[in-house]
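Okay, so here's the structure we're looking at.
Just follow the structure's listing: the first ligand is 1, and inside any ligand the first atom is 1. FYI, the numbering just counts along the sequence from 1.
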Amino acid sequence: MLRSRFLWKLYAGYSALILTSSAIVGIMISQRVEGDALAEIQQSLHARAVLLEEVASQLSEVPDSSFQQRISILGTEIATRLTVIGADGTVIADSDEYPSEMDNHADRPEILAARSHGIGTATRYSNTLKTRMMYLSLPVVEQGQIVAYIRTALPLSTIDGRLNHLRYTIVLGAGLSAIIALLLGLLLTNHYVRPLASMTSIAESMSHGDYDKRLVESRVDEIGKLAQALNRMAESCSNRTDTIKADRNKLSTILSGMTEGVVAVGLDEHVLHLNEAAGKLLGVSPLESLDKPIWQVTRVPEITEILTDSLRDGTSAQRKLLITTKLTDQSLEMDASPLHDGQGNLVGAVVVLHDVSELNRLEMVRREFVANASHELKTPITAIRGLVETLIDDEELEPAKRDRFLGKIKDQSIRLGSIVTDLLTISRLESESNETEEMSFDLCEVVQSTSSVFISTGEEQDITVKVQVPNSPIELSGDEEALRQIVSNLLDNAVKYSSTGGEVCVRLHRHDDHAILEVEDTGIGIEPKDQDRIFERFYRVDKARSRELGGTGLGLAIVKHIAQSHGGNVSLDSIPGTGSTFKVILPLAGRSA
Ligand code: ADP
C-alpha cells in the first residue's frame, strides 16, 4: 500500500499545502504581533516624550549639572532613556550618558523627522548602549521656533526577546499542527487510496483473465459504487468467459468425435484447429500442429493448395485426393470453405477430409460382385438358349442327340438354380447379419444328420466319409439352418474335390468355450497362393472343373459369412496333391467370440 505512487503524489500535494499554509499563518501572526508590539512601544515613548517635554521646560531654568542629574534620575525611574537635545543638535542632557561625551545629534533620523514632521521615530543599534533601540523625538517649540528636541528611547531587547519567544511558539505550534495534519493526512489519503489500489489490482487480474477476485462493497460513496460496478463487471466477464469456454469445449468435443478430419487455418495459414481424425489421416499430432504453418504440418501439398485457394478466392472448393502410404492407399474427399467472423470478414479457411477408402472398396466389391454374378448367370442362360434354339431350328434332330441336348438343358438349369439359390442365401445372410435368429441347438445333431447325406453320396463315388462327433451335446446359439449349410458346403467340396478311393473325415469337438468343426479330405489340395482367395465370392481355383462339378464359387464365401455372423471364423490348412482341412471355430451358447 505504502508503495503506491498515487498515494505519495496525493500526499506530497497535501503536505505542500499544509506546510505552506502553516508557514503563511506563522509569518502573518509573527509580523502582526511584532507590529503591534512596536506600535505599543512607540505609543509609550510618545507619552513619555510628552511628559518629558513638560518636565524639561520646568527644569530648563535649573543649572546644567542639576538638569543633567534630574534627567538621569527621571530616566532611571521610568526605565527610559531620556535625551534633551538643543536646536543645533548638541546634547543638553541624557539619562544614560554624559552629554559632553556624546556626538552632535542633528543628523539622527528621528531628529530630522521631528524637525520636518513634528515627530520622528527610528529603530537602530545603539553603539552607546550596545543594544537595539527605538527612538522617538518631539520638537520643543517656543514662539514658533524650535528651541530643543526631546528624545525618548527604549531598548528593543525586551520586545526582541518577546518576539523570539513568540516566533518560537508560533513555529512550534505550526510545526506540531503540521505534523498532526500530516499524520491525519496520511491516514486519510491511505483511506481513499487503499480501495483504489485494490481496484487496480483486481482490474489487472481481470486483464490477465482472472475473474474470481471480488472487492469489499462496504462503502456507500462513489468509491463503493465503483467497487460494485467492478464486481458486476468481473461477474459478467466470468459468466461470459464460462459460456465461451463451454461453447469451445462443446465444439472441440464435437470436432474430436467426428470421423471426418477437420483442419482450420487463419489468414496467415497457421493451424487454428486440427481434430484427431485429421491427425490420424495425415499422420500428425493435433497438439503439436497448433499455430504452425499448414505447409509445415503436412507434406500433402493438395491440402495446403485447397486452403490457400479458399483463402485467396473466399469461395468453397471440393477436390479428391489419394494419399499413398507404405501400408495403404487412402482416398480422401476434401471440402474447403472460407471462415468468416460475425461481421462477415474473412478470418481463415477450413477443410473437411472425408475418408472414402472404405466406401470406394465397398463400391468396387459391389461392382465386381454384380459383374461376376451377371457373368455366372449369363453362362448357363447362353448355353440353354443355344441348345433350345438348336432344338427349335432342327426339327429332324436325332432322338438320341435331342435327349442329350435336353439333358444338358436340365444340367444348366440346375446350375442356374444353384447360382440363384446361393445368391439368395448370400443376400439373406447379409440382410439378416445383425439379426441372426438366436435359437439354441445341438451342433452334434446338425453335423450328424447333415453328414449322413454325404455318406451315401461318397459311397457312390467310392469315397469314404467318416463322422466323429462326441456323445455329449455341444450347445450352440444361432441359426441352425445356416450351420447345416456350413457342414453341407464343406462336405460337398471335400467330396467334390476328392478322387475315387479318397477319404473325407468330419470331426467335431469342444475346446474351452468353443466348438471346433474340422472337415478333412485327401483331395487335390489348394495352392498357397489361392488359399486366402478361395473365401472370396466367385473365386475358384479351376473354373472349368468347378462348373463341371456344379460349383457356383459361392460355397466358401457363404461358409465364411455364416461363421463370422455367429462370432466365429474359418481357416484352411492344405497341401496341394495331399488334401485339405477346413477348420471352423464357433463360440458355444452363452459365450461371445
Ligand atoms: P465351388 O462352388 O466352386 O466349389 P467354393 O466357394 O465352395 O466354390 O470353393 C471355391 C474354390 O475353392 C473351388 O472352386 C475350389 O477351387 C476350391 N476348393 C474348395 N474346397 C476345396 C477342397 N476341399 N479341395 C480343393 N479345392 C477346394
Side-chain angles (χ1 to χ4, degrees), residues 365 368-369 371-380 383 411-430 447 450-451 453-455 457-458 461-467 482-507 517-565 569-584:
V365 169
E368 267 178 24
F369 179 73
N372 284 332
S374 314
H375 180 74
E376 288 301 322
L377 288 169
K378 213 174 157 187
T379 312
D411 288 347
Q412 289 301 330
S413 55
I414 289 171
R415 188 168 129 70
L416 203 56
S418 304
I419 294 170
V420 171
T421 307
D422 281 355
L423 284 174
L424 285 173
T425 305
I426 282 198
S427 156
R428 183 174 59 84
L429 287 171
E430 280 183 348
V447 172
T450 313
S451 306
V453 181
F454 289 92
I455 294 173
T457 319
Q461 296 169 32
D462 196 16
I463 294 167
T464 315
V465 177
K466 291 182 186 167
V467 184
L483 263 297
R484 274 184 202 286
Q485 184 131 29
I486 285 188
V487 182
S488 168
N489 285 6
L490 291 177
L491 269 173
D492 184 44
N493 281 349
V495 172
K496 239 172 20 184
Y497 298 107
S498 290
S499 359
T500 314
E503 195 177 293
V504 172
C505 185
V506 188
R507 284 186 294 273
L517 170 73
E518 286 173 313
V519 179
E520 186 179 357
D521 64 59
T522 53
I524 57 173
I526 301 162
E527 291 287 339
K529 67 175 171 58
D530 298 312
Q531 287 182 10
D532 278 342
R533 301 207 59 192
I534 54 165
F535 294 100
E536 289 173 15
R537 292 164 186 181
F538 296 114
Y539 186 82
R540 284 166 290 195
V541 177
D542 182 344
K543 278 197 176 129
R545 182 167 185 170
S546 164
R547 283 203 190 108
E548 196 184 305
L549 295 167
T552 60
L554 292 170
L556 287 179
I558 291 171
V559 168
K560 187 179 174 185
H561 204 301
I562 295 172
Q564 285 179 343
S565 68
N569 60 63
V570 57
S571 60
L572 164 67
D573 188 7
S574 177
I575 301 168
T578 306
S580 313
T581 304
F582 286 86
K583 189 175 180 180
V584 181

- Item | Contacts of type side chain to side chain contact (heavy atoms under 4.5 Å, CB included), residue Ile455, not counting sequence neighbours | Glu459, Val465, Val467

- State which residues pass side chain to side chain contact (heavy atoms under 4.5 Å, CB included) with Ser413; sequence neighbours excluded, sorted by chain then number. Ile384

Short N/O distance, under 3.5 Å, between [X] and ligand 1?
X      : value
Leu556 : yes
Gly555 : yes
Gly551 : no

Residue and atom name of the nearest protein heavy atom (relative to [atom]), distance in Å to one decimal:
atom                    : result
atom 12 (O) of ligand 1 : Ile534 CG2, 3.5 Å
atom 1 (P) of ligand 1  : Gly553 N, 3.5 Å
atom 23 (N) of ligand 1 : Asp521 OD2, 2.9 Å

- Query: How long is the span from the CD1 atom in Ile558 to the CG atom in Asn489, to the nearest 0.5 Å?
  - Reply: 5.5 Å

- Would you check if Arg537 and Ile426 make a side-chain contact, meaning some heavy-atom pair closer than 4.5 Å? yes

- Query: Do the non-hydrogen side-chain atoms of Glu376 and Leu554 ever get within less than 4.5 Å of each other?
  - Reply: no

Sub-4.0 Å heavy-atom approach of [X] to ligand 1:
X      : value
Phe535 : no
Lys496 : yes
Ile526 : yes
Ser580 : yes

- Query: Who gets closest to atom 13 (C) of ligand 1 by heavy atom: Tyr497, Tyr539, Phe582, Phe538?
  - Reply: Tyr497

- Item | Selected option - heavy-atom contact closest to atom 7 (O) of ligand 1, from Val495, Leu572, Asp422, Asn493 | Asn493

- Should we count CD1 of Ile575 as having more than 12 external heavy atoms under 6.0 Å? no

- Query: When the ring planes of Phe582 and Phe535 are compared, do they come out parallel, tilted or perpendicular, using 30° and 60° as the limits?
  - Reply: perpendicular

